[in-house]
Amino acid sequence: MFEAEDIREWRGHDVVDRERHKIGILEAIYVDTATDQPAFATVTIGLPTRHRLVFVPFGGATVGPGYLKVAYDKKQVKEAPSIGTGGELLAEDEKAVFAHYELPYRTGAGGERRLARR
């Protein structure tokens, strides 16, 4: 598992899939609010005039010289729920992010959000 302080240093580095195909650039880290551990990253993708941020889980991710390799293929990541580069993930959209990767989703006992940007 990555420490949140360490993985933030990778912001701006390439994100690649299992086959080392470049997906985009690491933009931000979202932590699980229950554990404060990195859970998802946002990756900048798209054309220079139409960038967007897609979400990809950290589970199974590894780091290399100048890149973060995720455990998902490029196509799946590019089809993931996204937000605008100046946007934020709304609480009601969190479930769709988890569902896209077939990951279980549950809110906190009081209905709190599951993800927080760091």
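Fair warning: this is a prediction, and the values are worked out from it, not measured in the lab.
Here the closest non-hydrogen pair linking Leu115 and Ala39 is CD2-CB, 3.9 Å. Closest approach of Thr44 to His51, counting heavy atoms only: CG2-CD2, 3.7 Å. Of all non-hydrogen atoms in Ala116 and Thr33, the two that sit nearest each other are CB-CG2, 3.8 Å. Listed here is the closest heavy atom pair of Ala80 and Val54: O-CG1, 4.0 Å.
Evaluation of the salt bridge (Lys or Arg N to Asp or Glu O under 4.0 Å) rule for Glu92 yields no partner, not counting sequence neighbours. Residues passing the side-chain contact (heavy atoms from CB on, under 4.5 Å) test with Arg113 are Leu89, Ala91, Glu94, sequence neighbours excluded. When the salt bridge (Lys or Arg N to Asp or Glu O under 4.0 Å) test is applied to Asp32, the partners found at least two apart in sequence or on another chain are Arg114. With sequence neighbours excluded, the residues forming a side-chain contact (heavy atoms from CB on, under 4.5 Å) with Ile83 are Tyr30, Leu53, Phe55, listed by chain and number. With sequence neighbours left out, Glu19 forms a side-chain hydrogen bond (donor to acceptor under 3.5 Å, both in side chains) with no residue at all. Evaluation of the side-chain contact (heavy atoms from CB on, under 4.5 Å) rule for Pro57 yields Phe40, Tyr72, Tyr101, Leu103 as partners, not counting sequence neighbours. Remark: Arg20 engages no residue in a salt bridge (Lys or Arg N to Asp or Glu O under 4.0 Å) (not counting sequence neighbours). For Lys22, the salt bridge (Lys or Arg N to Asp or Glu O under 4.0 Å) criterion is met by Asp14, not counting sequence neighbours. Not counting sequence neighbours, the partners of His13 by the ring pair (Phe, Tyr, Trp, His ring centres under 6.0 Å) test are Trp10. Under the rule for a side-chain contact (heavy atoms from CB on, under 4.5 Å), Ala71 has no partner lying at least two apart in sequence or in another chain. Listed by chain and residue number, Glu27 satisfy the side-chain hydrogen bond (donor to acceptor under 3.5 Å, both in side chains) test with Arg117 (two or more places apart in sequence, or in another chain).
The OH atom of Tyr67 lies 12.5 Å from the CD1 atom of Ile23; values are rounded to the nearest 0.5 Å. Rounding to the nearest 0.5 Å places CG of Leu90 at 6.0 Å from CD of Glu88.
The shortest side-chain heavy-atom distance between Arg118 and Asp36 falls under the 4.5 Å cut-off. Residues Ile29 and Phe58 meet the side-chain proximity criterion, which asks for heavy atoms closer than 4.5 Å.
Summarising the hydrophobic clusters (Ile, Leu, Val, Met, Phe, Trp, Tyr; side-chain heavy atoms under 4.5 Å, direct or chained), the residues clustered with Ile25 are none.
Of the possible donor and acceptor atoms, one in the side chain of Asp17 sits under 3.5 Å from a partner among the backbone N and O of Lys74. At distances below 3.5 Å, at least one donor-acceptor pair connects side-chain atoms of His100 with backbone N or O atoms of Gln76.
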